[in-house]
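This report refers to the structure that appears directly beneath it.
In what follows, residues are counted from 1 in the order of the sequence shown.
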Amino acid sequence: MNASHSPKAALRGEPSYVWRAGQERRLKMMLAAAGERIHGRVLVDGCGVGMYLARFVPLAKQAVGLDIEHERTVEAHQSAPQVVCGAGEALPFPENHFDFLLRHEVLEHVQDDARAICEMVRVLKPGGRIALFCPNRGYPFETHGIYWRGRYRFGNIPLVNYLPRRWRDRLAPHVRVYTAGDLQHLFAGLPVRVVQRTIVFGAYDNIIARRPALGKVLRAVLQALEATPLRIFGLSHFWVVEKIG
């Protein structure tokens, strides 16, 4: 499959097609968030073609993938035995079922993000955890492209996310972007506690592939900023949320 973008890139975003340093780094973050829960029942909510799901299969008692795109579930099924087609707003699983749930750069694409968050918490066991990655509004680029004069333009578009929200949403009506306050509001009133929340930069593997020396310096500098207040300009929120009660 062409890794540039598919015809549905505007609607659903693009899953990971290749495994590189960025995916490896995020996998380590996921496993640290899960702890021993990774050996229980695990759900990858929005599994794409199964890149992360495949890494969970040998570790978990049960690893299940879900995606709304049937073609992606077929591909994911090649590396994971349990994959279903469904929507995040109506997860086809019972309450208190999973020990660990991953939603990686998917929340921004669902029709109803508040409902999707409620569903994630519903299917999680008490003591279970969610690892959530989603776009940070403070990042200087809109990575999902924009609509301009009626046409979709794929790519990293600068400064879009800094516009007033009503203007930003006209250019990017197909994808949400979040502040920490937005996420806090989505989880408000639910039986959860936030274990960890931070903002991370990317791994810039594409730049490294073209210009290795420059790309590696860029990665090192930006990832070092994650330990400073300048992480507010990072690519993605990373939250770890635990169900209580």
Side-chain angles (χ1 to χ4, degrees), residues 13-67 72-73 75-76 79-84 88 91 93 97-110 113 116-117 119-121 123-136 139 143 178 180 183 186-187 192-205 219 222-223 226-227 231 234-244:
E14 286 289 351
S16 297
Y17 294 111
V18 295
W19 192 263
R20 298 184 296 189
Q23 285 76 21
E24 187 66 30
R25 182 181 191 234
R26 290 195 174 200
L27 175 64
K28 290 177 181 177
M29 296 170 68
M30 297 167 193
L31 295 177
E36 289 300 310
R37 298 167 187 82
I38 198 64
H39 302 304
R41 290 194 177 108
V42 175
L43 173 64
V44 181
D45 185 355
C47 65
V49 297
M51 297 294 286
Y52 289 112
L53 178 62
R55 269 69 183 181
F56 295 155
V57 167
L59 301 174
K61 174 183 176 181
Q62 180 188 34
V64 181
L66 177 139
D67 202 274
R72 292 178 179 175
T73 64
E75 191 165 348
S79 55
Q82 298 186 53
V83 184
V84 297
L91 295 175
F93 307 108
H97 188 70
F98 291 101
D99 299 282
F100 180 65
L101 188 153
L102 169 66
R103 175 160 275 186
H104 182 266
E105 307 291 357
V106 174
L107 185 66
E108 63 270 24
H109 298 291
V110 301
D113 56 354
I117 290 287
E119 279 290 276
M120 292 162 64
V121 174
V123 302
L124 204 64
K125 292 179 181 178
R129 286 186 176 178
I130 297 165
L132 173 67
F133 290 86
C134 63
N136 173 35
Y139 193 58
T143 63
Y178 295 92
L183 294 178
L186 287 173
F187 282 104
V192 298
R193 69 182 186 96
V194 178
V195 176
Q196 179 184 355
R197 61 180 180 184
T198 190
I199 300 172
V200 296
F201 284 88
Y204 307 100
D205 292 306
R219 174 196 285 172
L222 292 180
Q223 291 185 357
E226 293 171 2
R231 63 179 172 271
L235 175 65
S236 298
H237 293 281
F238 173 58
W239 281 38
V240 181
V241 180
E242 184 174 306
K243 187 172 180 177
I244 58 177

Check salt bridge (Lys or Arg N to Asp or Glu O under 4.0 Å) between [X] and all other residues, then give those that pass, not counting sequence neighbours.
| X | value |
| --- | --- |
| K243 | none |
| R37 | E242 |
| R231 | none |
| R25 | E226 |

What residues, two or more places apart in sequence or in another chain, satisfy side chain to side chain contact (heavy atoms under 4.5 Å, CB included) together with [X]?
| X | answer |
| --- | --- |
| R197 | Q184, V194, W239 |
| D67 | C47, E69, R72, T73 |
| E119 | L91, R115, R122 |

Problem - Minimum side-chain heavy-atom gap L27-F56 below 4.5 Å - result: yes
Practice task
Mind running side chain to side chain contact (heavy atoms under 4.5 Å, CB included) on L186 and L107 for me, showing each step along the way?
Solution key: CA-CA 11 Å; L186 287 173; L107 185 66; 4.1 Å; yes
Handout entry: Partners passing ring pair (Phe, Tyr, Trp, His ring centres under 6.0 Å) against F238 (at least two apart in sequence or in another chain)
Key = F133
Fill in the blank from the handout: Residues at least two apart in sequence or cross-chain that pass ring pair (Phe, Tyr, Trp, His ring centres under 6.0 Å) with F93, listed by chain then number, are F98
Between atom [atom1] of [X] and atom [atom2] of [Y], what is the distance when rounded to the nearest 0.5 Å?
| X | Y | atom1 | atom2 | value |
| --- | --- | --- | --- | --- |
| L66 | Q82 | CG | CD | 12.5 Å |
| F100 | L31 | CZ | CG | 7.5 Å |
| L222 | L235 | CG | CG | 10.0 Å |
| K61 | D99 | NZ | CG | 8.0 Å |
| E105 | H237 | CD | NE2 | 10.0 Å |
| L132 | Q196 | CG | CD | 12.0 Å |

Of the non-hydrogen atoms in [X] and [Y], which two are nearest, and what is the gap between them?
| X | Y | value |
| --- | --- | --- |
| D205 | G22 | OD2-N, 3.0 Å |
| E108 | C134 | OE1-CB, 3.9 Å |
| V18 | M51 | C-CE, 3.4 Å |
| G46 | V106 | O-CG2, 3.6 Å |
| A116 | V110 | CB-CG2, 4.1 Å |
| Q223 | A203 | NE2-CA, 3.8 Å |

Problem - side chain to side chain donor-acceptor pair (under 3.5 Å) against R55, all qualifying residues, sequence neighbours excluded - result: none
Handout entry: Pairs where residues 27-36 contributes a residue and the test salt bridge (Lys or Arg N to Asp or Glu O under 4.0 Å) is met, not counting sequence neighbours
Key = none
Problem - Inter- and intrachain pairs under salt bridge (Lys or Arg N to Asp or Glu O under 4.0 Å), touching residues 39-54, at least two apart - result: D45-R103
Exercise for the section: Return yes if some donor-acceptor pair links the side-chain N/O of H97 with the main-chain N/O of K125 below 3.5 Å, else return no. Expected result: no
Practice task
Look only at the side chain of R129 and the backbone of A33, and say whether a donor-acceptor pair between them is shorter than 3.5 Å.
Solution key: yes
Handout entry: Pair H104 + Y52: ring centers closer than 6.0 Å
Key = yes
